[in-house]
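Inspection log for the structure reproduced underneath, given as structure tokens.
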Amino acid sequence: MPELPEVEIVKQSLSKNIKFKKIKKVTVRNRNLRIKVSSNFETCLENKNIVKITRFSKYIIIHLSNKSFCIVHLGMSGTIHLIKNNQKKKLTNLSFYHSLTLPKKHNHIEIKFENCIIIYNDPRRFGFFELIKNQEELNKRFSKFGPEPFSNLFSLSYIRKYFKNKKKDIKSFLLDQKFVSGIGNIYASEILFLCQINPQKKAHRLNKEECRKIIYYSKLVLNKAIKFGGSTIKDFKNISGNSGLFQNEFKVYQRENLKCLKYRCPGKINKKNILNRSTFFCNICQK
DNA sequence: AAGAGGCCCTGATAGC
DNA sequence: TGCTATCAGGGCCTCT
């Protein structure tokens, strides 16, 4: 599911609803996520306050009152649902939240607060919850990640230096979190379309102007997606159950065989597998 | 070091 | 209806 914009939306709604609240009770139904949920997970969270919630790349970072952290990655299919107590009260039977629109299966983790519960649901179990002891460990955890597109570190000189002698295609680099953090498969295609760069172009062949465009359009696309509440392809929702709208703005993603949307371009959108991920582009205006 | 490929897992959909 | 194959928004690991 989630790339940087979707994770940002989840972070914002979590922040709105559970910041400053105390964790009352944690229930883990299935520990076998991508990384096994540690055996002390519940006790490390229970009775701690949420100090704040931040995000780096596609990771949600929950800051706990004892200076430790819990980082959450949603993988491909992870979603977080918020159930408010008053919603529960409205139900006439006692089947709790399951009678709401919430998926019944794959609710792996529940975190209860005074007035609400958040539920982590993840059919494919590619996501994970990981405890981090302190700030130093947190820094270490993300030390091998490249900068976010919004960062000043994602600069022309950084990119040009990085791409020197790199013979892999540019699409693969946009997906490579060591190069830049937070871009996933959808937004990589969208960014390259706006740059008018063919996704199969070798990184070391990009000129200065093209590198500038990558910086500019990476920021633009991600910011716009956040404004639109993220993209809902299959089932992405913010934690209150609302869909994003950015999928309506896609220029190439899932537009195979449709007309290129660039003004006066006679091209059609092609679909091709790059690194086993479907990639969409116009083979006329993207060079 | 860099790049290609496999793999973790379930579910939706397409084709027979 | 029911089988099988393919594909999904991610990222880690291994091999060359």
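Order of the sequence lines sets the chain letters (A, B, ...), proteins ahead of strands, with each chain counted from 1.
Between A:Tyr187 and A:Phe193, the distance separating the two ring centers is not shorter than 6.0 angstrom.
Among the heavy atoms of the strands, none lies under 4.0 Å from A:Lys144. Within 4.0 Å (heavy atoms only), A:Phe246 reaches no atom of the nucleic acid at all. Here A:Phe128 lies out of heavy-atom contact (under 4.0 Å) with every strand. A:Ser278 comes within 4.0 angstrom of the backbone, heavy atoms only, and of no base.
The distance from atom CG of A:Asp176 to atom C1' of B:dG3 is 11 Å, rounded to the nearest whole Å. Atom P of nucleotide C:dG9 and atom NZ of A:Lys171 are separated by 8 Å, given to the nearest angstrom. In this structure, A:Ile233 places its CD1 atom 10 Å from P of C:dG10, rounding to the nearest Å.
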Decide yes or no on side chain to side chain contact (heavy atoms under 4.5 Å, CB included) for A:Gln177 and A:Lys58, but give the supporting numbers first.
CA-CA 10 Å; A:Gln177 308 295 304; A:Lys58 303 169 190 174; 3.4 Å; yes
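OP1 or OP2 of B:dG11 lies within a sub-4.0 Å distance of a side-chain N or O belonging to A:Lys105. For the OP1/OP2 pair of C:dG10 and a distance below 4.0 Å, the side-chain nitrogens and oxygens of A:Tyr59 include no atom meeting the criterion. Look at A:His106 and you'll find a side-chain N or O under 4.0 angstrom from OP1 or OP2 of B:dG11.
Residue A:Phe126 and nucleotide C:dG10 are classified as a stacked aromatic pair, their ring centres being separated by less than 5.5 Å at an interplanar angle below 30°.
With C:dG9, B:dA2, B:dC8 as the choices, the nucleotide that has an atom nearest any side-chain atom of A:Asn185 turns out to be C:dG9.
Not a single donor-acceptor contact under 3.5 angstrom links the side-chain atoms of A:Arg125 to the base of B:dC9. Side-chain atoms of A:Arg277 and base atoms of C:dA8 include no donor and acceptor less than 3.5 Å apart.
Following chains of ILVMFWY side-chain contacts shorter than 4.5 Å, one can reach A:Leu82 starting from A:Val26, so the two form part of one hydrophobic cluster.
Within the shown strands, nothing qualifies as a pairing partner of B:dC9 under the Watson-Crick or G-U definition with both distances less than 3.5 Å.
Within the model, atoms CZ of A:Arg55 and CD1 of A:Ile71 stand 13.5 Å from one another, a figure rounded to the nearest 0.5 Å.
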